[in-house]
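First the structure, in the form of structure tokens, and then the observations on it.
Just so we're on the same page: letters track the sequence lines, and every chain starts at 1. On a predicted model such as this, the values are computed, not experimentally measured, just so you know.
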Amino acid sequence: MTTDTAKTPAAGRLGYRFNLVGMLALAVILLWGLVAVFAHLLTPYPVGDIVDVDYFGPMSKQFWLGSDYLGRDIFSRIVMGARYTVGISVAAVAIACTTGVVLGMIAAVSGGWTDTLLSRFLDAMSSIPSKLFGLVVVAAVGSSIPVLIITLSVIYIPGAYRFARALAVNINAMDFITVARTRGENVFYIIRSEILPNILGPVLADLGLRFVFIVLLLSGLSFLGLGVQPPYADWGALVRENIGGLPFGAPAVMFPSIAIASLTISVNLLIDNLPNKIRDRSAQ
Amino acid sequence: MNHRILSLVMSRLLITAITLVIVSFAVFFATMMLPGDTATILLGQAATPEAVAGLRTAMHLDEPAVIRFIRWFGGLLTGDLGTSYANDMPIADLIAGRFINTLKLAGVTALFSVPIALTLGITAAMMRGSLYDRIVTVLTIGVISVPEFMVATSAVLLFAVYLKWLPALSFANEVHSITDLLRVYAMPVVTLTFVVSAQMIRMTRAAVVETLNTPYVEMALLKGASRKRIVLKHALPNALGPIVNAVALSLSYLLGGVIIVETIFNYPGIAKLMVDAVATRDLPLIQSCAMIFCVGYLILITLADILAILSNPRLR
């Protein structure tokens with residue numbers, strides 16, 4: 001998973017040390033990443049099969065997290081849902097951050113009209129509320145996994161762009177960039193070899209935060225019935241399906257919510273507990 | 001120096017106007033991507049080609065997209081929002097009542113969340129590093145990191161299922177008495193207050209903490225001023241701009257929250273109308289609702305920027 005693999009080697013190779021909370025958060029994130037990859041091996045029951053005679057069944061030895069509104073095993077559905085929630089979000093965050101960061105660096109290095117036009121346009125895009133943007137696009141083209149991934153990434157490109165541009169503008173003013181320019185290096189060399197290595201740490205931290213936003217938005221859209229479509233279900237869709245169990249506190253509606261919260265809170269805690277060295281380049 | 005403030009504010013307003021045009025362009029063309037011909041969909045499969053052609057001309061569907069965009073945008077500016085596909089009513093009539101309902105919900109939420117959030121944010125910043133501060137920070141991170149619907153479901157579980165103070169998911173839409181009023185408003189307002197306050201507390205706390213880190217506050221500390229005096233006399237007046245900015249920005253989170261909250265509690269507001277319009281694919285209605293949300297959002301973030309300009313003493 002991009003967020004995981006992107007962060008761990010950087011941390012390991014450079015010998016940064018995490019505190020306990022950061023380690024725990026990282027462990028939870030890695031766990032969900034593994035669950036998403038090996039979901040098909042972990043489900044005790046087939047996801048679509050009605051296995052319980054009762055609906056909204058309680059937690060038991062047979063059904064670890066109870067059963068849903070049709071009597072399907074919730075544990076299996078959450079494990080499979082991890083694949084959709086984590087997979088779609090990772091794909092979207094990868095596209096959003098790559099595009100946003102590349103555009104941001106190009107804008108910062110080129111300056112002038114390119115910068116003004118890009119900034120104006122992306123700022124305008126970011127003044128469409130994210131949930132609304134999702135609603136309108138899904139209403140127009142219908143919901144499918146590729147549409148979701150592209151919509152989510154388009155929504156978060158402006159934020160990644162603005163963040164990367166602000167960092168790159170600072171680096172761009174430094175002497176070694178002037179030297180590189182004088183040497184006659186082209187824009188792409190400067191971006192790849194001079195700017196990117198210097199903004200990588202904060203960009204990765206920002207990627208984590210953006211991942212949280214995307215998970216939240218995806219869950220929100222699925223909860224509104226506009227995300228992953230039945231018979232498949234991500235965590236947001238699981239809450240939607242089982243919302244009928246809410247008045248009597250059924251585990252079927254609580255555990256998908258807990259799954260979302262455990263993932264997003266862990267990512268937030270990990271970012272908060274990253275060593276300052278990674279988080280904020282200017283603090284060095 | 002008032003001239004300078006005025007020109008800054010004017011240029012910010014100009015940017016807002018440009019943004020509005022770009023946004024409406026985006027909303028219009030996002031809904032243009034719908035596959036299929038609108039006239040055929042409206043008249044059904046059995047319609048004669050002449051009828052379809054007639055409707056296309058009547059609805060100006062055979063004109064180029066840019067002309068239609070200008071016509072639609074002009075209609076928006078003059079208050080003509082078009083006609084709903086689904087029930088053939090003027091959209092302005094459909095929206096009016098719903099819009100007031102949403103404004104009421106947002107207003108009541110702001111009334112509760114602003115004082116609560118400011119108090120918690122400022123006191124947490126004052127007692128930075130204390131147990132109280134840590135509890136507030138952990139709670140706000142908790143609320144920010146979970147989806148809005150989870151705040152709503154947790155509120156239902158807590159207040160309706162365990163404490164039994166409020167009825168769970170009651171869908172009473174006619175208000176006859178105070179109890180009914182409470183029933184309709186209580187859960188949505190509680191949920192939205194949590195969502196918005198968390199953002200506001202975080203931003204307020206950050207603004208005050210940043211001010212407390214400045215050299216003049218350190219100076220006041222060195223001169224022996226009490227903590228209360230440092231915060232109230234030295235830090236707060238200077239943090240006021242960022243705080244007001246934070247309040248306006250956090251209130252823009254209302255817009256996202258309102259979509260979820262109105263749906264989950266079946267509140268008859270404009271966001272519910274829009275989610276229902278998505279289900280029936282009623283494009284003119286979706287476009288109008290989307291524009292209302294975008295305009296509201298734009299107003300709030302513009303307001304936040306203008307307040308930040310006005311409160312900057314260096315410009316006075």
Exercise. Please, which pairs that meet side-chain hydrogen bond (donor to acceptor under 3.5 Å, both in side chains) have at least one residue in residues 246-262 of chain A, sequence neighbours excluded?
Worked result: W32(A)-S262(A)
Seminar exercise, completed: Comparing L132(A), L263(A), I128(A) against chain B, the one with the most heavy-atom pairs below 4.5 Å turns out to be L132(A)
Exercise. Is there side-chain contact between T153(B) and I243(A), with at least one heavy-atom pair below 4.5 Å?
Worked result: yes
For this session: Under 4.5 Å heavy-atom distance to chain B, tell me which part of I260(A) shows up: side chain, backbone, both or neither.
Result: side chain
For this session: Could you tell me whether the side chain of F293(B) reaches within less than 4.5 Å of the side chain of V136(A), counting heavy atoms only?
Result: no
Exercise. Heavy atoms under 4.5 Å from chain A: which residues of residues 14-21 of chain B carry them?
Worked result: I15(B), T19(B)
For this session: For side chain to side chain contact (heavy atoms under 4.5 Å, CB included), just list the numbers for L135(A) and I286(B), CA-CA rounded to whole Å, side-chain angles, deciding distance to a tenth of an Å, and then say yes or no.
Result: CA-CA 9 Å; L135(A) 267 176; I286(B) 299 174; over 6 Å; no
Exercise. Is the number of heavy atoms from other residues, nucleotides or ligands within 6.0 Å of CZ (F194(B)) greater than 12?
Worked result: no
For this session: For residues F121(A) and I22(B), determine if any side-chain heavy atom of one lies less than 4.5 Å from a side-chain heavy atom of the other.
Result: yes
Exercise. With sequence neighbours excluded, what pairs up with R134(B) under the salt bridge (Lys or Arg N to Asp or Glu O under 4.0 Å) test?
Worked result: none
Exercise. What is the minimum heavy-atom distance between A261(A) and V146(B), and which atoms define it?
Worked result: CB-CG1, 3.6 Å
For this session: Evaluate the side-chain proximity of V239(A) to M150(B): yes if any heavy-atom separation is below 4.5 Å, no if none is.
Result: no
Seminar exercise, completed: Smallest heavy-atom separation, N268(A) atom then S145(B) atom, equals ND2-OG, 2.8 Å
For this session: Measure L217(A) against the heavy atoms of chain B and call it side chain, backbone, both or neither at under 4.5 Å.
Result: neither
For this session: Could you grab the distance from atom CD1 of I264(B) to atom CG of L224(A), nearest 0.5 Å is fine?
Result: 9.5 Å
For this session: State, yes or no, whether a side-chain contact exists between T263(B) and F223(A) at a heavy-atom distance under 4.5 Å.
Result: no
Problem set entry | Contact origin within S222(A) toward chain B - heavy atom pairs under 4.5 Å | neither
For this session: State, to 0.1 Å, how close G220(A) and I260(B) come at their nearest heavy-atom pair, and which atoms those are.
Result: O-CD1, 4.0 Å
For this session: With sequence neighbours left out, write down each residue that passes side-chain hydrogen bond (donor to acceptor under 3.5 Å, both in side chains) with D123(A), or none if nothing qualifies.
Result: R120(A), R162(A)
